[in-house]
Structure formats: C-alpha cells, structure tokens
Number of protein chains: 2
Amino acid sequence: MKAPASAPTTGSPASPQEPRWLTDEEQRVWRWFMEGATLLDDHLDRQLQRDAGMPHVYYGLLVKLAEAPRRRLRMTELAMLAKITRSRLSHAIARLEKSGWVRREDCPDDKRGQFAVLTDEGLHVLRQTAPGHVEAVRQAVFDRLSAEQQKSLGEIMRIIAEGLQPAEAGADLPWLR
Amino acid sequence: MKAPASAPTTGSPASPQEPRWLTDEEQRVWRWFMEGATLLDDHLDRQLQRDAGMPHVYYGLLVKLAEAPRRRLRMTELAMLAKITRSRLSHAIARLEKSGWVRREDCPDDKRGQFAVLTDEGLHVLRQTAPGHVEAVRQAVFDRLSAEQQKSLGEIMRIIAEGLQPAEAGADLPWLR
DNA sequence: GGGCTCTCCTTGAACTTTAAACAAATGGCC
DNA sequence: GGCCATTTGTTTAAAGTTCAAGGAGAGCCC
C-alpha cells in the first residue's frame, strides 16, 4: 500500500542494500493500520469539534491538566506528556486561553517558566463533553474488540510507542513516566 | 487518559444515562493506542518531509496513483481511496502539481471530471524515496512485533476501520473495494 | 562578577487542513 | 426541451501545525 510489494529477491546485496520490502501480508496489515488510525482520528476530531468546539489534541491537553496536581502543568511538562512540540503547545494554549478554558501563570521559582492552568470553565467543558467522547471511543473501538484483542492492541501499541520515544525523553525528568 | 477513570457505579440509570466510562485497563490500552499512533505518524511525517519533501498523506497519494491503471485516478476516487475530503485533495493536488509530481487532466467523458496523473518525475521521486520509507516503517513497526502480533494488529485495525467506513461509501462505486 | 552555554517558551512566516459556499455539468423526470 | 436535484471539483477564509529564529533567564566555570 504505502510501498511497492514484495522484493525481486536478489542474490548478493547491492551497495545501497536491497530494500527490505514489505511482504503482501505485511502490506495488508500496514494498510489497515493506516486506514484505521486515520479514520479513527478524523472521527474523534469531528466528534469533539462538534460537541466540545476543539480538536482532539486540545481536548487531550485539558485532560492532562485536569489530572495534574493543582490542575496546572509547566509548559514543557505538558508538551512532553502530550507528545507535541513546545511550539505547537504555545499556539494551542494561546487558543485555549482565548476560549477561557486555560490560563497562564508565571512560575515563581523560574522566571522563564509558565504554568498552564485549567480554569473552572475549562473543567466544566471537560465534564460536559467527556461522556460523549468516551461513548464515541467505546463505539469505535472497545465495543468491537474482544477482551483478548483489547489486550493485544495495548501491548502492540505500547511496543511501538516505546520504540519511538526519544531515548532520553524523561530520563532527566523523573516525575515523568 | 482521555477521560476520567472507572464509574461511580450507580443503581438505576439516570436520564442522560450513566456514561460507560473506560475501566482502568481500557484506559491503559487507549492511552498506548493514542500515544503510539501519534508518535508513529509524527515520525513518518518527519521522515518523509526530510527525505521526500512532502508529508505522509501526500506520499500516500502518489502511491495510490502509481498503483492505478494509467497512473491516473479521478479526484473523487482518489479522495475515497486515501480517505480524505475532496477539498483537502484539491489543495494537495495543487501543491503536488506545483512540485511537478502530479498533473491534472480533463476527463473526456465528464466535463466536470478531472484526473490526477502521476508524472514521470513523480514516479521517480517515489522510486527514490520508497526504500527509505519502507525501512522506517519496518524499524518502527514490523521489526518489533511477532508474527502473531502483526496478524492481530491487522485484524484489529481492519475491524476499527470497517466500523468507521461510512456505510454507503463505495457501495455505488463497484470498482472500489 | 563576567562570560559561556543551555533551557524555557514565544514568535512569525510558510504550509496544511477544515468548513462552508459555489459554479458547472450531469441525470432523471415531466 | 425545460426543470430540479445531485455530483464533481474548486475556492475562500479561518484554524491548526511546522520550522527556524530569537529573547530572556538559569546554571556553571573561572
């Protein structure tokens, strides 16, 4: 799907080395993966845009804040938890601030630092929209999979995720993971 | 992760019905899913942006065109295959046209219609960059999963994808799926 | 303290995506 | 033929994301 099918099997490897093409079976897996992931993310994005007035990623930010100690997190910490760049987070928080769901606060210890703080209004939106969102996730994913499949899915995605975590990520931030 | 943990189990269902919250275990699965999918897509996006000068979705469009009969597809057909809106496709093709990798062609049968055609140059870029891309996919996914896991992953994602396919999609387009 | 490097976060421009509105062509129906 | 709903693809503007650059404070070494 994403790449030409199996390889024209060669004898000795050439200089740039014969690419390890995907087999037909691997291609099928890969195609379903991309298709499922795309459709799911688009679906949840539309659901949240409609019901909560924000994209999926922004919703995820509010959730992280809601779970944090005083409903607040340092920008860098939030960025790492949400797996997005600080730049993207800056823009996102600016938008959420404009919507009144998050406010910024200076960090007393470090004058460079900023906290993103979930406002009462933000918490309210989250409470209002969480049920609908969980239901959407359930209908799209959990309702359709057996207990075994759910377990597999978790393991598989954990493996993939951990493989892509920049090795040093969080190594020096003990309070992460 | 995406939603508060398990439910304050109620006796009788309330009016808007007690939300079917995710259990802790489901939450873990869901968190790894989102995290893995996000990291993987970002990773491949960066890989292709760096090596091919285009985002992952655009690369996917070139692949679809390369696999199509005369390296060409109607806009609507391509949009359905790639699971994107026609609007998005219009913009994408405009960009790819500017890069010289795709050209538009009028449809003789239907004056509204347009074909997107993969140019020789486009095919060349694809050939150049496919090996690197497959390798990236392999390293991030297939090299890390057992045969069993690969099979599970395919099945699971197929189930999710098919559940989200608008039911009528392609029903009237027999040449699709 | 002075100088150096690194970290924290923001900014602006370029690019991509979304959503809504639209023109043109088709196809069916009378 | 004439009308009307639908399909096809594009366009516009607003929203979101990426990339490279930069200001400002912290940390360290002398």
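By convention in this document, chain letters (A, B, ...) are assigned in the order of the sequence lines, proteins followed by strands, and residues within each chain are numbered from 1.
- Rounded to a whole Å, the NE2 atom of B:His56 is 12 Å from the P atom of C:dT17.
- Regarding B:Arg74, its CZ atom lies at a distance of 11 Å from the C1' atom of C:dT26, rounded to whole Å.
- The phosphate of C:dC8 has OP1 or OP2 within less than 4.0 Å of a side-chain N or O from A:Arg86.
- Sequence neighbours left out, not one pair with a member in residues 51-61 of chain A passes salt bridge (Lys or Arg N to Asp or Glu O under 4.0 Å).
- In this structure, A:Arg104 and A:Met75 have side chains that are in contact, with non-hydrogen atoms separated by less than 4.5 Å.
- Looking only at atom types and distance, the side chain of A:Arg86 has no donor-acceptor partner in the side chain of A:Ser90 under 3.5 Å away.
- Between B:Met75 atom CE and D:dT11 atom C1' the separation is 13 Å, expressed in whole Å.
- Side-chain atoms of A:Tyr58 and A:Ser99, non-hydrogen and from C-beta on, never get closer than 4.5 Å to each other.
- Whole-Å rounding puts the A:Asp106 CG to C:dT10 P distance at 10 Å.
- Atom C1' of nucleotide C:dT18 and atom NZ of B:Lys83 are separated by 20 Å, given to the nearest angstrom.
- For B:Glu35 and A:Gln165, the side-chain atoms include at least one donor-acceptor pair closer than 3.5 Å.
- Ion pairing of A:Asp109 with A:Arg74 is absent here, as no side-chain N (NZ or NE/NH1/NH2) approaches a carboxylate O to less than 4.0 Å.
- Residue A:Glu97 contributes atom CD, which lies 9 Å from atom P of C:dT10 at whole-angstrom precision.
- Across the protein-nucleic acid pair, B:Arg50 atom CZ and D:dA20 atom P stand 12 Å apart, rounded to whole Å.
- Contact detail for B:Arg20 and A:Arg138: the closest heavy-atom pair is O-NE, 2.7 Å.
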Report task. Under the side-chain contact (heavy atoms from CB on, under 4.5 Å) rule, what do B:Leu62 and B:Val102 come out as? Steps first, then yes or no, please. Result -> CA-CA 8 Å; B:Leu62 298 194; B:Val102 168; 3.6 Å; yes
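- A 4.5 Å side-chain heavy-atom check between A:Gln114 and A:Asp106 finds at least one atom pair inside the cut-off.
- In terms of phosphate contacts, A:Arg104 brings a side-chain nitrogen or oxygen within less than 4.0 Å of OP1 or OP2 of C:dT10.
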Could you run down the sub-3.5 Å N/O contacts of the protein with nucleotides 16-18 of chain D?
from: D:dG16; atom 1: OP1; to: A:Arg95; atom 2: NE; distance (Å): 3.4
from: D:dG16; atom 1: OP1; to: A:Arg95; atom 2: NH2; distance (Å): 3.1
from: D:dG16; atom 1: OP2; to: A:Arg95; atom 2: NE; distance (Å): 3.4
from: D:dT17; atom 1: OP1; to: A:Arg88; atom 2: NE; distance (Å): 3.3
from: D:dT17; atom 1: OP1; to: A:Arg88; atom 2: NH2; distance (Å): 2.5
from: D:dT17; atom 1: OP2; to: A:Tyr58; atom 2: OH; distance (Å): 3.1
from: D:dT18; atom 1: O4; to: A:His91; atom 2: NE2; distance (Å): 3.0

Just the table, please: protein N/O against nucleotides 26-28 of chain D N/O, every pair under 3.5 Å.
from: D:dA26; atom 1: OP1; to: A:Lys111; atom 2: N; distance (Å): 3.4

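- Per the geometry, CD1 belonging to B:Ile93 stands 14 Å off C1' belonging to C:dT16, to the nearest Å.
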